[in-house]
Amino acid sequence: MAGNREFFHRRLHSLLGVIPVGLFLIMHLMLNYNATKGPEAFNKAAGFMENLPFLLFLEFAFIYIPIVFHAIYGVYIAFTAKPNVGRFGKFRNWMFVLQRFTGIFLIIFIAWHVWETRLAKAFFGTEVNFDMMANIVDNPLMLIFYIIGIVSATFHLANGLWSFCVSWGITVSPRSQQINTYVTMAIFLALSYVGIRAILAFT
Amino acid sequence: MAEQQKTVTFIIQRQDTPDSAPYEETFEIPYRPNMNVIAALMEIQRNPVTKDGKKTTPVTWEMNCLEEVCGACSMVINGKPRQSCSAMVDQLEEPIRLEPMRTFPVIRDLMVDRSRMFDALKKVKAWIPIDGTYDLGPGPRMPETKRQWAYELSKCMTCGVCLEACPNVNDKSNFMGPAPLSQVRLFNAHPTGAMNKAERLAAIMGDGGLASCGNSQNCVQACPKGIPLTTSIAALNREATVQMFRNFFGSDYSY
């Protein structure tokens, strides 16, 4: 693949964003939703994930390595663009900018989130459960930070699905792309509902 | 009846050499009915005096056909890249601001060097090779409906407006831009051109090609000829997906 590294990297970036990172996000938000049924339900679901066999391998193969590649290459993509919504304020151009903006924000958010809820456990053996999250979002600023993070993630995934469909040649005609805009925005709203309900359940 | 002569104000971004700093000059030009931006520039050429009465050098720009088919007179007019021949003064908000398309190297004033587009066309082999040592005879026929469809893509005049509108075409990236990509679709759709389809796909699957598109879709909004650039890009993405697997696994069809 020497001659077309950029093509390969862009396609890999696009694919990894959906599989596995996108699928992981959906699973993650669904699991969190158990918090709306009370601390017990959440702790049980989280415990199930924690006790998966080969956990570290699964985490690295399906989350850490793909998301790190997606993040690093995504920063490169974001910073090689020159946003021009001031001159061209059309819908898709706004989505283009928002996709890059949420991407950069998510790196900050996810780094913080992983530190707080995963690395702290790995290094200091902090217990990860309902009470821990409840403690975090007890601070209204952290709650806002988390809500913005969740909405950024659901937007980035939904809009990323839209461009995935274009980049792989699934939606070619303008009409199919238009319909896919509605579909992906519905996905955005649905996932945001799940995510926000879940985080509010900890307050 | 001593009627005040109606005038039009232009603020023009000027630059004396490719490397010198740009600066602005304001001109007040006598209005004529139905005048376009080129007519105003010609007026400045005849009488290169700024609004303050200072004598200056005539503004440099490029033009050729004056009917929006050659692409030479593209510039940024009131923030939008477009052809100055079809930019009617009556339809523009005043003062009218003219700037060169800075995506390209500025040669002088409003004149830019669009060589990168022609280089890209060479890179993607945007032609149909028919030369040989003997007469190859007529090529395969093209259905009329397809010809009409292809005609729309062939309207591209390499004017550079889509590159100027694209956020991914800039000095930080080597993206060739939408125009040459759409030409690949045009030549790959041609019955004779299709014989070299894989070569063109290979070219746009290289660095600075198809994959650098970020789907902001400004190009299709900005294109003065209404070329379905984003549809071309998505269609090429589909072909590149197939070609990618052919390249990787090998195929009897990858001629």
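Letters A, B, ... mirror the listed sequences (proteins, then strands); counts begin at 1.
With A:Lys82 as the fixed residue, the side-chain contact (heavy atoms from CB on, under 4.5 Å) test singles out one of B:Thr103, B:Val169, B:Asp171: B:Asp171.
Of the possible donor and acceptor atoms, one in the side chain of A:Arg10 sits under 3.5 Å from a partner among the backbone N and O of B:Cys213. A distance-only check finds a donor-acceptor pair linking the side chain of A:Glu6 to the backbone of B:Gly208 [under 3.5 Å]. Under the 3.5 Å distance criterion, the side-chain polar atoms of B:Asn237 are matched with a main-chain donor or acceptor of A:Val166.
Taking each heavy atom of B:Gln217 and A:Trp162 in turn, the nearest pair found is NE2-CH2, 3.6 Å. For B:Cys166 against A:Asn84, the heavy-atom pair with the smallest separation is C-ND2, 4.2 Å. Between A:Phe96 and B:Gly214 the shortest heavy-atom distance is CD1-O, 3.1 Å. Taking both residues in full, the closest heavy atoms of B:Thr231 and A:Ser173 are given as CG2-CA, 4.4 Å, listed atom of the first, atom of the second, then distance. Nearest approach of B:Ala234 to A:Thr171, heavy atoms of both residues: CB-O, 3.7 Å. Across A:Trp168 and B:Met244, no two heavy atoms sit closer than the pair CZ3-CE, 3.5 Å.
Contact check for A:Arg87 versus B:Val76: side-chain heavy atoms found under the 4.5 Å cut-off.
Residue contact with chain B, scored on non-hydrogen atoms closer than 4.5 Å, involves the side chain of A:Gln177 exclusively. Neither the backbone nor the side chain of B:Asn78 has a heavy atom closer than 4.5 Å to any heavy atom of chain A. If you measure heavy-atom distances from A:Phe91 to chain B, you find no contacts under 4.5 Å at all. Of the two parts of A:Ile77, neither the backbone nor the side chain holds a non-hydrogen atom closer than 4.5 Å to a non-hydrogen atom of chain B. Neither the backbone nor the side chain of A:Trp94 comes within less than 4.5 Å of any heavy atom of chain B. For A:Ser14, no part sits under 4.5 Å from any heavy atom of chain B, backbone or side chain.
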_Step-by-step side-chain contact (heavy atoms from CB on, under 4.5 Å) determination, A:Thr80 to B:Phe175_ = CA-CA 10 Å; A:Thr80 46; B:Phe175 182 34; over 6 Å; no
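Atom NZ in B:Lys172 sits 11.0 Å away from atom OH in A:Tyr76 (nearest 0.5 Å). Here B:Asn218 contributes atom CG and A:Lys90 contributes atom NZ; the two are 9.0 Å apart, rounded to the nearest 0.5 Å. Rounded to the nearest 0.5 angstrom, A:Phe8 CZ and B:Met205 CE are separated by 11.5 Å.
With respect to chain B, the highest number of heavy-atom pairs below 4.5 Å among A:Gly169, A:Ser176, A:Pro174 belongs to A:Gly169. Ranking B:Gly79, B:Ser232, B:Ser212, B:Pro228 against chain A, the residue ahead of the rest is B:Ser212, based on heavy-atom pairs under 4.5 Å.
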